[in-house]
2 protein chains.
Amino acid sequence: MPEQIPLSEQVWEYVKQIFKLQQERSPVATSSLAEALKIAPSSVTEMLKRLAKRGLINYTPYHGITLTDAGNEAALKAIRRHRIVERFLTDMLGFQWHEAHQEAVLFEHNVSDEVERRLYVALHKPTECPHGYPIPSKTLPVFVTERTLYELEPGEEAVIMHVRDDEPELLQFMASLGIKPGVKVHMVEKDPFQGPVGITVRPRGKKRTIGWHLANSIYVDGAAKQS
Amino acid sequence: MPEQIPLSEQVWEYVKQIFKLQQERSPVATSSLAEALKIAPSSVTEMLKRLAKRGLINYTPYHGITLTDAGNEAALKAIRRHRIVERFLTDMLGFQWHEAHQEAVLFEHNVSDEVERRLYVALHKPTECPHGYPIPSKTLPVFVTERTLYELEPGEEAVIMHVRDDEPELLQFMASLGIKPGVKVHMVEKDPFQGPVGITVRPRGKKRTIGWHLANSIYVDGAAKQS
DNA sequence: ATTGTAATTTAGCTTTGCACAAATTGCAAT
DNA sequence: ATTGCAATTTGTGCAAAGCTAAATTACAAT
C-alpha cells in the first residue's frame, strides 16, 4: 500500500530517464542521471532518496540504482504517455518530429489517464511514436536488435527501426536526409575511431557522409544482408 | 522590463480567478479569492504580495486588490487558453461538458503558445467555450447582458447565453434538462426569497421547477420579450 | 467613544526541488 | 599498502506554496 499521493512531475521524469539509462547500463550512476536530466549531481542524490523511500528504486549509496517493479511500471506508464502525446502533436496538430519531443515533455505529466485513453483511441491506437519507438502497454517490447547504423559493416544494408528523439537539431537534419523509421540504408564506407561514415539512403539516394554521432543515433534492424 | 521568469502555474490560476471575481465586485477581497481557489486566506495573502511584486495586481492591504494592465493581459491569456483547451476536450476527444472544465485546469498551464495556436486552428477558430463563454483574443467582450435566468420575471422569455462552468454536477443536471447555450427558456413562475422557479425549456419543454442556485447559474440574453 | 466581530495579515512551520561547497568514499595506479 | 582523483553524498541555503494559530485592523453597532 505505498504511494497514495500522486507522483510529482519531477518524479515521472526521473523514473522515465532511469528506465532509459538502465537499458544501456545497470545499475545507473548518479552522474549519468544528473547529466541526462541536466540537474546537479547533489540534487539528484536528494531525489534518489525520495524515490527510494517511495519504493520506486533500489538505492545503494555510492553504487548506483535500479528500478523496482513499481518503478518499472511507473516508467512504462510515463513512456507510454510521452509517446502518445508525441503522436498527438505530430498527427493531430501537425508538428514536425523534432518539435514533438520537447512539446510533449511540457505537458505529458498533466494529462490524466482518461485524456490519455481518449487520445490513444482518437489516434487509432498507434503502435509507435513518431521516432519509431514502440508505445508500451504493460511491458515494453525489448528490441532484439540494438544495433546502430554506425555498427554496420561496409556493404551491409539495414532498415531503420527508430532514432534518438531528444536532439531536435539532429532530428531536423535527419529529416532533411530522408532518414526515418522504415527507410533502408546502405553502409558504403566507414572510418575507424568514431570517424565519419559514408551511406546511401534507399531507394535512389546519393552517397552521403555523416558523422559518428549521427550514425550512432540511428537504430537499425539486426537482420542485415550483404548487398 | 518586469517578469522575465515565466509565471508559475499557480500565478496563472490566481490571476484568472481575480479577473472573474472582479467582474462582479472590484476590488476583490482576499476571502472571496480564498474561497474560489479553495486555499486558506493566509496563504492567499502571501501570494498577493508576490503578485503585487510582479506588477500583476494593485494591492492595498486590508482593502482588496485589482488587476493591473499586465495582470489583465495575463488573465485574458489564461482564460483564452482554458477555453480553447475545453473545446479541444469536448470537440476532439468527446468529453462531456461537465468534465471539460476539470480536465482543462489540469493541463492548460503546460500548453505552449504554439500548441495553443495550433489547437485553435485545428478546432476551426471557435468563438466560444463549450459552456457558451467567449474565447477572448486581446480583449474579452463584456456581456451587455449580465442577467441570470433567476432574474427573469414570470412571463418573460430569453435565450441562454452561457452557464457556470465550475460545478460538474450542476452541468450534468443542466444537460439532462436540455439547458445549454442557444436554447430558449420561458419563466413561468417564481417564488420570492431565493425560492424555486418554474420554467419551460423551448421548444416543446414541459414545465420544470428548478432551484435558485441553478437558475442563478444560467446567464440569459437581456432582450427578453413578453410572451 | 468604545467595543466586538469578522476579515485580514503576520508568524512560524512543512514540503518539494534545486544549487553550491565541503566532506566522504571507492577504486585504480603506484 | 598507500595515495590520489573522480564520483558521491552531506550540509546549508534558497524559493515557491501551503497550513494553522495568533495578532491586528476595519467598521459597524452601541
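Numbered from 1 within each chain, the chains take letters A, B, ... in sequence-line order.
- Note on ring orientation: taking the six-membered ring where Trp is involved, the planes of A/His101 and A/His131 are perpendicular (angle over 60°, cut-offs 30° and 60°).
- Under the 3.5 Å distance criterion, the side-chain polar atoms of A/Arg164 are left unmatched by any main-chain donor or acceptor of A/Ser217.
- A distance-only check finds no donor-acceptor pair linking the side chain of B/Lys190 to the backbone of B/Glu153 [under 3.5 Å].
- Here salt bridge (Lys or Arg N to Asp or Glu O under 4.0 Å) pairs that include residues 18-42 of chain B, with residues two or more places apart or in two chains, number zero.
- Between chain B and DNA chain C, the heavy-atom contact criterion of under 4.0 Å yields a 5' to 3' nucleotide range of C/dT8 to C/dT10.
- Regarding contacts with the backbone of D/dA23, every side-chain N or O of B/Tyr62 stays at 4.0 angstrom or more from both OP1 and OP2.
- To the nearest 0.5 Å, the span separating CG on A/Leu214 from OH on A/Tyr150 amounts to 12.5 Å.
- The 5' end of DNA chain C is approached more closely, in terms of each residue's nearest nucleotide, by B/His63 than by the other of B/His63 and A/Gln10.
- Cation-pi geometry between B/Arg147 and B/Tyr219 is not satisfied (NZ or CZ under 6.0 Å from the ring centre, within 45° of the ring normal).
- Put simply, the side chain of A/Thr68 gets close to the backbone of A/Leu56: a donor and an acceptor are under 3.5 Å apart.
- Contacts with DNA chain D (heavy atom under 4.0 Å) in residues 30-42 of chain B: B/Ile39, B/Ala40, B/Ser42, listed by number.
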Handout entry: Pair A/Arg80-A/Glu108, salt bridge (charged side-chain N to carboxylate O under 4.0 Å, His left out): steps then yes or no
Key = CA-CA 10 Å; A/Arg80 173 181 167 82; A/Glu108 60 187 7; over 6 Å; no
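- Sorted by first and then second residue, the pairs that involve residues 85-100 of chain B and meet salt bridge (Lys or Arg N to Asp or Glu O under 4.0 Å), not counting sequence neighbours, are B/Arg87-B/Asp91.
- Within residues 45-53 of chain B, the residues having any heavy atom closer than 4.0 Å to DNA chain D are, in order of number, B/Met47, B/Arg50.
- Every salt bridge (charged side-chain N to carboxylate O under 4.0 Å, His left out) that B/Glu73 has, sequence neighbours left out, goes to B/Lys138.
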